[in-house]
Trainee: 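Pasting a structure here, questions to come.
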Number of protein chains: 2
Amino acid sequence: MTRRSRMPEHPTILDVARRAGVSKSTVSNVIRSSQGVTDEKRQAVALAIEELGYRPNAMARQLVQRRTKIIGAVVGDLANPFHAEMAKLVEQQSAARGYATMFSNTLGDNATEAAGIEVMLEHRVAGIIFLAFSARDRPLRASLNGRVPVVFIGCSEPWADSVVAADRRGARLATEHLLGLGHRRIAFLVNELVEKSGHRSRLAGYRDALARARVRPGPMLRWTEDGPQVAGNGRPTPIEEIVLGPERVTAVFSSNDLGAIRLLDSVERAGIPVPGKLSVVGYDGAAVTALSRIALTTVAQPKEDLVLAGTETLVARVAGLSGPPRRQVVDVTLLVRGSTAPPSRSNGGRRN
Amino acid sequence: MTRRSRMPEHPTILDVARRAGVSKSTVSNVIRSSQGVTDEKRQAVALAIEELGYRPNAMARQLVQRRTKIIGAVVGDLANPFHAEMAKLVEQQSAARGYATMFSNTLGDNATEAAGIEVMLEHRVAGIIFLAFSARDRPLRASLNGRVPVVFIGCSEPWADSVVAADRRGARLATEHLLGLGHRRIAFLVNELVEKSGHRSRLAGYRDALARARVRPGPMLRWTEDGPQVAGNGRPTPIEEIVLGPERVTAVFSSNDLGAIRLLDSVERAGIPVPGKLSVVGYDGAAVTALSRIALTTVAQPKEDLVLAGTETLVARVAGLSGPPRRQVVDVTLLVRGSTAPPSRSNGGRRN
DNA sequence: GTGAAAGCGCTAACAG
DNA sequence: CTGTTAGCGCTTTCAC
């Protein structure tokens, strides 16, 4: 037992070389399955690798190659089922392309997001996929732009590639569905997890539909910790007031499913039946909306398509593809379920 | 414009040194905020870093230090809300301790899991947190054991640290709740996402309660793609048959919430009311179970406690703590909600 | 206090 | 076809 004979925690390429009786580079050649290596030596190396439990050190390789096989994924909130489903797909697609995935959960918080991105940049990730983006600050954008390939999925920024759903059209479909049912007082609900780019489009789609039908927009609702709040109003507004008060809202279009589900919950706890007294439409198409108990009418984003296109684009950029930012749009589907119905006679259905 | 003046994509410590007019090591000292550096030089370095947009290369640092600041997290299925919530907490806790998180979604699949772990090992992650574990194969376990700190959260293996909920007690509580309500035909439902260690404990707790009450165990149900299936039976059993058939099951204890929610859904689609004709209890305490529309009675695992203890333990091991595997147990809470009620007169409540 | 020098484990020319 | 060599960007002794 000489000192050297102690099995190292992580054997190196040199340990393998010694054991196999070849040189470092031959081992390297075998590992990277490069062409010219005798079968004999190849086998010897393979054996040594097996016996030693050798595993190439990705850090070392990535340092010399000056590029990693890690994709950074910035996600809004894993506790939001839709986000989790998207994150799952991103991990899956990245893994399928040989990339490890480093996640950062931002909770819509700017500082958390910045810190997460910083870590990714220090790790020299090959690229970053944004499933949500809130950065207001220039510095971050500056350090991102040009330094690392970036693609936005389900959200977008003019300076990078993006794959988005046809949000404006989706919101229009949702609103028209409500309009078609006879609703005339339709509120728009948003919360902190809806990225601003998506928000704008969805709001625009909602307004499009109303304008086309010559219906006055309903109140803008924002979900806060204490419940829904009418925009421009300092305090939370009890849901009863929104539905039964002077506004007489008969339907709500929520710009994401989570908001719609929360709303459903608080509305029914307040004794207001859905869709009896209030119709609700969501946006995203989270799996949970399909449960019979929830049965939320929603606009489904094609999750697989989004992630597939996004990953593909990112990988292409990593591989060196150049050119101006590319924006891909995928279509959405309105899924009509049990949370929407014609307004009840008592508080809706009349002209405004 | 000499060749050298081109701003490199990623400036190195040497670029900073040149710009600040100091040596490499001084820059390094500043970056790591080590003691002996003149304020003057420190400022000069800070300025150069700022101007260059320098960001230390984590790969290089980790290579020389021979340890990374990356924690690997193995998760079962991000589409399972409980798993996603746990994953979120892991990322949060890791980030709070200065670690980046590398995720691997296994879908309960052995090969996927093995591949994910392999990638983590090649990246020399500081430690691995298993939120789910399915590996049957020895080789994997061997390469894990001793090479990298491992902690299991919500599942366990005798050869490594673990933090688990009091699963056996939890299952007993759930079953006793059902028993207390008057149920005598209580089925046990499991699916592919319940790790085997948790499964064993939960099944034991269920049996404990029944044995203590001298009630015969109900059928073992396994959720398959086509719906619930009675164990030992080759084909899927229609839910109607389970409830209305000879077994006359009046309640089901599902060993995870996802299974319970799926069951709820298929049962009600079949026209069998819950809890009218069938009571359902879940396990995990996923946030979605609290929605009024779902209102699933469940056994809540203390998610924060689990992850906190797990992360703490892992970090301690990374820091060099030695000693035999440590098993921590945290308590659970039965949350009684609307999915359970006394059995209806027509098909339950009698002795068996 | 600061700089010079020696690697961390690997890849990628480049000779033999 | 195989071995030798020169780094990748950083930390870390060790002299000055």
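No experiment lies behind these values; they were computed from the predicted model shown. Proteins get letters first, then strands, A, B, ... in listed order; numbering begins at 1 in each. Only this structure's heavy atoms are used, side chains among them; waters, hydrogens and symmetry mates stay out.
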Trainee: From C-beta outward on B/Val37, which listed nucleotide comes closest to its side chain: C/dG9, C/dT2, D/dT11?
Mentor: C/dT2
Trainee: Can you see if the side chain of B/Arg61 gets near the phosphate of D/dT11 - specifically, an N or O under 4.0 Å from OP1 or OP2?
Mentor: yes
Trainee: Does the pair A/Arg55/B/Glu122 count as a salt bridge with the N-to-O cut at 4.0 Å?
Mentor: no
Trainee: To the nearest Å, give me how far apart CZ (B/Arg32) and C1' (D/dG9) are.
Mentor: 13 Å
Trainee: How close or far is atom C1' of D/dT2 from atom CD of A/Glu40, stated in whole angstroms?
Mentor: 13 Å
Trainee: Provide, to the nearest angstrom, the distance between the CE atom belonging to A/Met59 and the P atom belonging to C/dT11.
Mentor: 14 Å
Trainee: From C/dG9, C/dT2, D/dC1, pick the nucleotide closest to the side chain of A/Thr38?
Mentor: D/dC1
Trainee: Holding to side chain to side chain contact (heavy atoms under 4.5 Å, CB included), I want the full list of residues that pass it with A/Glu157, two or more places apart in sequence or in another chain.
Mentor: A/Phe133, A/Phe152, A/Trp159, A/Lys196
Trainee: Around atom CZ of A/Arg326, are there more than 12 heavy atoms of other residues, nucleotides or ligands at under 6.0 Å?
Mentor: no
Trainee: Counting only non-hydrogen atoms, which of residues 20-29 of chain B are less than 4.0 Å from DNA chain C?
Mentor: B/Val22, B/Ser23, B/Lys24, B/Ser25, B/Thr26
Trainee: Under the 3.5 angstrom rule, does the side chain of A/Thr12 hit a backbone N or O of A/Leu14 as a donor-acceptor pair?
Mentor: yes
Trainee: Taking atom C1' of C/dA12 as reference, at what distance in whole Å does atom CD of A/Gln62 sit?
Mentor: 17 Å
Trainee: Identify which nucleotide among C/dC10, D/dC10, C/dG3 has an atom closest to any side-chain atom of B/Lys41, counting heavy atoms from C-beta outward.
Mentor: C/dG3
Trainee: Can you identify which nucleotide, out of D/dT11, D/dC10, D/dC8, has its nearest atom closest to the B/Thr12 side chain?
Mentor: D/dC10
Trainee: Nearest-Å distance, NE2 (B/His10) to P (D/dC10)?
Mentor: 11 Å
Trainee: Take the protein atom NZ of A/Lys69 and the nucleotide atom C1' of C/dT11, then report the distance between them rounded to whole Å.
Mentor: 15 Å
Trainee: Under the side chain to side chain donor-acceptor pair (under 3.5 Å) criterion, do B/Glu113 and B/Ser104 qualify, and how do the steps go?
Mentor: CA-CA 7 Å; B/Glu113 183 183 82; B/Ser104 175; over 6 Å; no
Trainee: Regarding A/Arg97 and A/Thr311, do their side chains bring together a donor and an acceptor under 3.5 Å, going by distance alone?
Mentor: no
Trainee: Round to the nearest Å and state the distance from A/Asp39 atom CG to D/dC1 atom C1'.
Mentor: 13 Å
Trainee: Can you tell me if B/Ser28 uses its side chain to pair, donor with acceptor, with the backbone of B/Lys24 under 3.5 Å?
Mentor: no
Trainee: What is the distance from CD of A/Glu122 to P of D/dT11, rounded to the nearest Å?
Mentor: 10 Å
